[in-house]
Amino acid sequence: MELQKILAYQDIDKKVYACELELKQSKTAQEYAKAMTMYKSRTEDMMKSIREADEVAVLAERYKQTYKNILDEINGLNEVLDSFEELKEIDKYEKKIAQFQKELLNIERELTRLSKKMDECIDISKKSLDDLKKLEDIIKVRKIDMQKIKTEIEGKAKGYLIELKKLQSELPSNLVEKYNQIRKNKKMPVLVPASNDYKACSGCGMDISSDLTIKLQGGQIVECPNCGRLIYNAK
């Protein structure tokens, strides 16, 4: 008796599931999902460009500080050179200054590169922001269309949902809970018959243990260890 009721429950639920698929596969729902995916993608692009810009700003500040420190050291060496008379000492400090000048040139090049990178980040952020504003307008329209078709399909499913609620009160709560858990994992049908020899699940085709086979032969509903569906004895 319990098996017949849960199978009847599933027969009605299949109609609800069909309504859900109709909504999900509708052109309106697909266009709405596409717009939301694009919105998410553009948001991620903008956030990435902002993070990169922050990193560039930090690096640029470090290079600027290094640039300043080297200039300060060069100025200090120039003062020392003014006070030395021995050519050996002068030569040593001139080499040091030449090294500093080389480092300054490298820093200037790196700052130029970072400046270009910062401009790129700003351009990406601006474009992403413009795209997001356009997508927001599209999403508003798609959302209205989505609500219309959702209301229409929910109206079709309303009677089935009332029948399901009535049957739920006649079934063990743990069985209904298990059924809904499997259904939530997008596995329909939830209940499937065992193979003719009781050794396999007809839902996924995988073999089951001899213990489960014995339970099936005894009229029990068992859970497939592979796909998680509920298997029953159809004979």
Side-chain angles (χ1 to χ4, degrees), residues 2-48 127-196 200-208 221-234:
E2 183 179 288
L3 175 59
Q4 296 306 314
K5 283 187 177 181
I6 191 65
L7 287 174
Y9 183 91
Q10 177 168 262
D11 285 341
I12 298 168
D13 191 33
K14 283 179 180 177
K15 296 174 183 177
V16 175
Y17 188 70
C19 290
E20 292 172 355
L21 283 180
E22 183 183 349
L23 175 61
K24 185 179 178 180
Q25 295 172 357
S26 67
K27 184 179 178 181
T28 301
Q30 290 175 1
E31 288 176 346
Y32 179 74
K34 182 180 177 181
M36 290 301 294
T37 299
M38 289 176 64
Y39 191 89
K40 181 183 177 184
S41 177
R42 293 296 180 274
T43 301
E44 288 173 350
D45 289 344
M46 188 170 73
M47 294 307 296
K48 181 182 177 183
K127 186 179 184 308
S128 296
L129 188 58
D130 289 341
D131 289 344
L132 286 172
K133 288 177 180 177
K134 293 174 184 176
L135 283 168
E136 282 174 3
D137 293 335
I138 293 171
I139 288 170
K140 285 178 183 177
V141 175
R142 296 285 183 267
K143 193 172 182 180
I144 293 170
D145 294 340
M146 185 70 176
Q147 190 57 50
K148 286 179 182 177
I149 191 169
K150 185 180 177 184
T151 301
E152 180 185 331
I153 293 175
E154 282 178 345
K156 289 169 62 176
K158 187 176 180 180
Y160 303 137
L161 291 170
I162 292 171
E163 290 182 61
L164 285 179
K165 191 172 182 180
K166 182 181 177 182
L167 272 175
Q168 274 186 8
S169 62
E170 300 173 12
L171 288 164
S173 59
N174 62 328
L175 181 58
V176 174
E177 185 179 341
K178 186 64 182 176
Y179 177 97
N180 289 333
Q181 181 184 342
I182 298 167
R183 193 213 197 271
K184 191 176 180 181
N185 291 329
K186 313 296 181 186
K187 292 178 180 177
M188 284 292 281
V190 173
L191 287 111
V192 293
S195 59
N196 290 332
C201 167
S202 65
C204 64
M206 295 296 289
D207 292 341
I208 58 176
I221 298 174
V222 300
E223 185 177 342
C224 176
N226 181 59
C227 68
R229 290 183 174 89
L230 299 178
I231 310 172
Y232 65 93
N233 182 349

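These numbers come from a predicted model, not from an experiment.
Here the CE-NZ distance, from M36 to K143, works out to 8.0 Å after rounding to the nearest 0.5 Å. Separating the OH atom in Y232 from the CG atom in L191 is a distance of 7.0 Å, to the nearest 0.5 Å. The CG atom of L21 sits 9.0 Å away from the CE atom of M188 when rounded to the nearest 0.5 Å. Annotation: the span from I153 atom CD1 to C19 atom SG amounts to 7.0 Å, rounded to 0.5 Å.
In terms of modelled atom types and a separation under 3.5 Å, the side chain of S41 and the main chain of T37 share no donor-acceptor contact. For S26 (side chain) and L23 (main-chain N/O), a donor-acceptor pair under 3.5 Å exists by modelled atom type. Between the side chain of S202 and the backbone N or O of P193, at least one donor-acceptor pair lies under 3.5 Å.
For residues 149-162, every residue pair satisfying the salt bridge (charged side-chain N to carboxylate O under 4.0 Å, His left out) rule, not counting sequence neighbours, is listed here: E22-K156. Residue pairs meeting the salt bridge (charged side-chain N to carboxylate O under 4.0 Å, His left out) criterion with at least one member in residues 159-185, sequence neighbours excluded, are K5-E170, D13-R183, E20-R183, K178-E223. Legend: side chain to side chain donor-acceptor pair (under 3.5 Å) pairs involving residues 185-195, not counting sequence neighbours, sorted by first then second residue: S195-D197.
Residues D145 and V141 meet the side-chain proximity criterion, which asks for heavy atoms closer than 4.5 Å. In this structure the side chain of I144 never reaches within 4.5 angstrom of the side chain of M146, judged on heavy atoms. Side-chain contact check for L175 versus L230: some heavy-atom pair is nearer than 4.5 Å. S128 places none of its side-chain heavy atoms less than 4.5 Å from the side chain of T43. Counting only heavy atoms from C-beta outward, the side chains of M206 and C227 never approach each other to under 4.5 Å.
Among all heavy-atom pairs drawn from R229 and C204, the shortest one is NH1-N, 4.4 Å. Scanning both residues, G228 and I182, for their nearest heavy atoms gives O-CD1, 3.1 Å. Of all the heavy atoms in C201 and I231, the pair that sits closest is CB-CD1, 3.5 Å. Closest approach of K24 to Q30, counting heavy atoms only: O-CG, 4.1 Å. Here the shortest heavy-atom pairing between L167 and A8 reads CD1-C, 4.1 Å. The heavy-atom pair separating Y160 from I12 by the smallest distance is O-CG2, 3.5 Å.
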For residues 131-139, tabulate all N or O donor-acceptor pairs below 3.5 Å that involve a side-chain atom, not counting sequence neighbours.
{"residue": "D131", "atom": "OD2", "partner": "R42", "partner atom": "NE", "Å": "3.2"}
{"residue": "D131", "atom": "OD2", "partner": "K127", "partner atom": "NZ", "Å": "3.2"}
{"residue": "E136", "atom": "OE2", "partner": "Y39", "partner atom": "OH", "Å": "3.0"}

How far apart are the C-alpha atoms of K48 and E44, what are their side-chain angles, what is the distance that settles it, and do they pass the side-chain contact (heavy atoms from CB on, under 4.5 Å) test? CA-CA 6 Å; K48 181 182 177 183; E44 288 173 350; over 6 Å; no
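For Y32, there are no ring-ring contact (aromatic ring centres under 6.0 Å, His included) partners at least two apart in sequence or on another chain. Contacts of R142 classified as side-chain hydrogen bond (donor to acceptor under 3.5 Å, both in side chains), with partners at least two apart in sequence or in another chain: none.
Annotation for N196: atom CG does not count as buried by contact number, only 12 or fewer foreign heavy atoms lying within 6.0 Å.
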